[in-house]
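What follows is a short report on a single structure.
Since the structure is predicted, the reported quantities are computational estimates derived from the model, not experimental observations.
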Amino acid sequence: SEDYIDSTSIFGGVKKNIISKNFKGGDITNIMGGSEIDLTQADINGIVTIDLTQVFGGTKLIVPSNWQVKAQMAAIFGGVEDKRSAQNTALDPNKILILDGTSIFGGIEIRSY
């Protein structure tokens, strides 16, 4: 279904634009590869979870500026970096994206445009 993302990248890269107006989350796996996921045209209702597994890889998530993003990752020699600017955009309490999973020698970058 277009409401879920299932992305696997091994020694390569994946670039996806999600346009679902009822996005439900999904799984992203990167092993010595990377993913760029653009969610700027997507919409969520309530709490949505993306499970990330990264080994020597990285993910760039581009999210709407009014979404709340909560990282609940286990990071070993890696991390999660929220590079969204502190704008005057009010965060919507009904739009929460939870990042769950493990990142080993990898990183996650969160951006808004």
Give, for atom CG of D3 and atom CG of N22, the distance between the pair rounded to the nearest 0.5 Å. 5.0 Å
Closest non-hydrogen atom pair between S35 and S9, with its separation: OG-CB, 4.3 Å
Rounded to the nearest 0.5 Å, what separates atom CG in L39 from atom CD1 in I44? 8.5 Å
Pairwise distance CG(L52) to CD1(I37) - rounded to 0.5 angstrom: 9.0 Å
Between K15 and D38, is the salt bridge (Lys or Arg N to Asp or Glu O under 4.0 Å) condition met? List the steps. CA-CA 8 Å; K15 191 172 187 178; D38 188 347; over 6 Å; no
Result of checking T102, T59, T29 against Q54 for side-chain hydrogen bond (donor to acceptor under 3.5 Å, both in side chains): T59
Give, for atom CH2 of W67 and atom CG of D92, the distance between the pair rounded to the nearest 0.5 Å. 10.5 Å
Give me the atom names and distance for the closest heavy-atom approach of K16 to D6. NZ-O, 3.4 Å
What distance do I62 atom CD1 and E109 atom CD have between them, rounded to the nearest 0.5 Å? 8.5 Å
Count the heavy atoms belonging to other residues, nucleotides or ligands that lie under 6.0 Å from NZ of K21, then report whether that count exceeds 12. yes
Between R84 and S65, which heavy-atom pair has the shortest distance, and what is it? NH1-O, 4.2 Å
Among the clusters formed by ILVMFWY side chains lying less than 4.5 Å apart, do F23 and I19 turn up in the same one? no
Would T49 and D100 count as having a side-chain donor-acceptor pair, cut-off 3.5 Å? no
Which residues satisfy the ring pair (Phe, Tyr, Trp, His ring centres under 6.0 Å) test with F105, sequence neighbours excluded? F56, F77
For G78 and A75, which heavy atoms make the closest approach, and how far apart are they? O-CB, 3.4 Å
side-chain contact (heavy atoms from CB on, under 4.5 Å), paired with L99, selected from D51, I28, V69: V69
So how far is it from N17 CG to T40 OG1, rounded to the nearest 0.5 Å? 7.0 Å
Would you say that more than 12 heavy atoms from the other residues, nucleotides or ligands in this model lie under 6.0 Å from the CD of Q68, or not? yes
For I50 and G25, work out which heavy atoms get closest and say how close. CG1-CA, 4.2 Å
